[in-house]
Asker: 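Could you have a look at this structure, given as structure tokens, before my questions?
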2 protein chains.
Amino acid sequence: MDAAQEQPEHATRRGDTRARIQQVALELFAEHGYERTSLREIAERLGVTKAALYYHFKSKEDIVRSFTEDYFGRIDALIARGKEQSPGTATAQELLARYIAIVMESGEVFRFLERNQATIHGTEDGKHRFTQFRPRLAALIEVITGPGASPRVRIRAGAAIFAVSTSCMFFSKDAPEADLDAVLPVLPSKDELREIVLELATDLVKN
Amino acid sequence: MDAAQEQPEHATRRGDTRARIQQVALELFAEHGYERTSLREIAERLGVTKAALYYHFKSKEDIVRSFTEDYFGRIDALIARGKEQSPGTATAQELLARYIAIVMESGEVFRFLERNQATIHGTEDGKHRFTQFRPRLAALIEVITGPGASPRVRIRAGAAIFAVSTSCMFFSKDAPEADLDAVLPVLPSKDELREIVLELATDLVKN
DNA sequence: GTCTATAGACGGATAGAC
DNA sequence: GTCTATCCGTCTATAGAC
């Protein structure tokens, strides 16, 4: 994760308080939901008070932004990279592979975004919302299919992204409190999962 | 959009406050999120007061249950039906087709469930089962793949369900306020969408 | 950097009149 | 069936001491 070294020296020596806040907040936001998790709850779990939180973050939403901006930065970089390449099966395959890597690496952040879509979409703050997945999805599809693709091809590309995202999240070994046993008696390793998911996404994109 | 205000002449405009509450609540819950939508907001949009809502529903959660129980009933029926059939490609295909139909028919409800996962998961009522998507997913996968399938086959079946669900929701013509134009310049009809999605799901399941 | 204390707002829910 | 009025809890955020 990003260690948030955006602060002056005096504030973050070895300062893991900020990082611990992020960690606990992300965990609770993803598990119980953004609105159902109060700052009091986060503070209590860390053994500090609410006011301490406000020393490190200017608001509740600011905590969210602190761990989502890194994720969105990666996606944007992926899109930019894709635009520089010539469309084709090889490019699409590489894009998908990189996308899978991003999703798997930022597992908890992705889980948070997935499970709090309505909340995130609802933040109409105007200023800076920690924001939208929608325009990025459009760009990803365009970059995978190339311009002027048919509805069928576009939908399949979208489905590939959806399938990849949700599968990586759901079948991940380090999913917290998953009733995974019921659906997958034997868990695949991270590499096995990556391979299976990439194969399935490729099937969707290449036809 | 504002279907609660102006309805077609043959629709039962008068005397069905309960249905109008459901409709408006579902719309707002799906769009802005369950917690970010207050009963006051729902009441205001209907031109009534909060207290009136409590005549028709015993709590906020009760409104949710009123429009989710039908959806889950259908899924459960689908699972039960699947269990009675012998596993095989034909069965899987039929199951997928029926699942797609369910998702497409209950579009707004599904959107609500999708976009409020964290909230829904957070309500540990225990007594009300509308919380659990997880065990149903496990059952669906089992019924599609048959018993004792490999991790790869199970993950592909899961991915098929994920892809179908999200695609039907996202690429649906009557998606409210979707920036769909950006990703799909020409929109498929409901039948075309169904066909495309079924084909893609089949590709995932049969290999 | 962390604390205590509190402001200020808004939420869900209920009582009882009509 | 719908209203007015209100209770009580919780929340985010801030002020200011140490």
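What you see below is based on every heavy atom in this structure, not just the backbone, and it leaves out hydrogens, waters and symmetry mates. We name chains A, B, ... by the order of the sequence lines, and we start the count at 1 in each one. Here the structure is a predicted model, which means the values were calculated and not measured.
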Asker: Using the ring of each side chain (for Trp, its six-membered ring), is Phe112(A) parallel, tilted or perpendicular to Phe29(A), with breaks at 30° and 60°?
Answerer: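 The arrangement is tilted - the two ring planes meet at 30° to 60°.
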
Asker: Name all residues meeting the side chain to side chain donor-acceptor pair (under 3.5 Å) criterion together with Ser167(B); count only those two or more places apart in sequence or in a different chain, and write none if there are none.
Answerer: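 For Ser167(B), no residue satisfies side chain to side chain donor-acceptor pair (under 3.5 Å) once neighbours in sequence are set aside.
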
Asker: Cation-pi between Lys60(B) and Tyr34(B): NZ/CZ under 6.0 Å from ring centre and within 45° of the ring axis?
Answerer: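 Yes, a cation-pi geometry.
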
Asker: From the options dA13(C), dA13(D), dC11(D), select the nucleotide whose nearest atom is closest to the side chain of Lys60(B).
Answerer: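 The answer is dA13(C).
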
Asker: Just how far is it from atom CD1 of Ile155(B) to atom CD of Glu195(A), taken to the nearest 0.5 Å?
Answerer: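 One finds 11.0 Å between CD1 of Ile155(B) and CD of Glu195(A).
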
Asker: Can you check nucleotides 14-18 of chain C for protein contacts, nitrogen or oxygen pairs under 3.5 Å, and list what you find?
Answerer:
none

Asker: In whole angstrom, what separates Arg20(B)'s CZ from dG1(D)'s C1'?
Answerer: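 Rounding to the nearest Å, CZ of Arg20(B) and C1' of dG1(D) are 13 Å apart.
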
Asker: Starting at atom CD of Glu35(B), determine the distance to atom P of dT12(D), rounded to an integer number of angstrom.
Answerer: 12 Å

Asker: Answer with base, sugar-phosphate or nothing: what part of the nucleic acid does Ser38(B) contact at a heavy-atom distance below 4.0 Å?
Answerer: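 Ser38(B): backbone/sugar contact only, no base atoms under 4.0 Å.
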
Asker: In this structure, how many angstroms lie between the P atom of dT4(C) and the OH atom of Tyr55(A), rounded?
Answerer: 18 Å

Asker: Please report the distance, rounded to the nearest Å, between OH in Tyr34(A) and C1' in dC11(D).
Answerer: 11 Å

Asker: Rounded to whole angstrom units, what separation is found between the CZ atom of Arg36(A) and the P atom of dT12(D)?
Answerer: 13 Å

Asker: In this structure, which one of Ile102(A), Val103(A), Leu137(A) forms a side-chain contact (heavy atoms from CB on, under 4.5 Å) with Ile75(A)?
Answerer: Ile102(A)

Asker: Between dT12(D) atom C1' and Asp62(A) atom CG, what is the distance in whole Å?
Answerer: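 Value for this atom pair: 14 Å.
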
Asker: OP1, OP2 of dC3(C) versus side-chain N and O of Thr49(A): anything below 4.0 Å?
Answerer: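 Yes, within the criterion.
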
Asker: Return the value, rounded to whole Å, for the distance between atom CZ of Phe57(B) and atom P of dT2(D).
Answerer: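 Result: 12 Å.
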
Asker: Below 30° counts as parallel, above 60° as perpendicular, anything between as tilted: where do the rings of Phe110(B) and Phe133(B) land?
Answerer: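 It falls in the perpendicular class, over 60°.
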
Asker: Do Glu142(A) and Lys83(A) sit within salt-bridge range, that is, some charged N less than 4.0 Å from a carboxylate O?
Answerer: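 Answer for the salt bridge query: no.
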
Asker: Between atom CD1 of Ile79(B) and atom CZ of Arg74(B), what is the distance when rounded to the nearest 0.5 Å?
Answerer: 14.5 Å

Asker: Quick check on contacts: within residues 39-46 of chain A, what sits under 4.0 Å from DNA chain D by heavy-atom distance?
Answerer: Leu39(A), Arg40(A)

Asker: Kindly compute the distance separating CZ (Arg45(B)) from CZ (Arg20(B)), expressed to the nearest 0.5 Å.
Answerer: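 Separation between the atoms: 12.0 Å.
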
Asker: Would you say a side-chain N or O of Ser59(A) is under 4.0 Å from OP1 or OP2 of dT12(D)?
Answerer: no

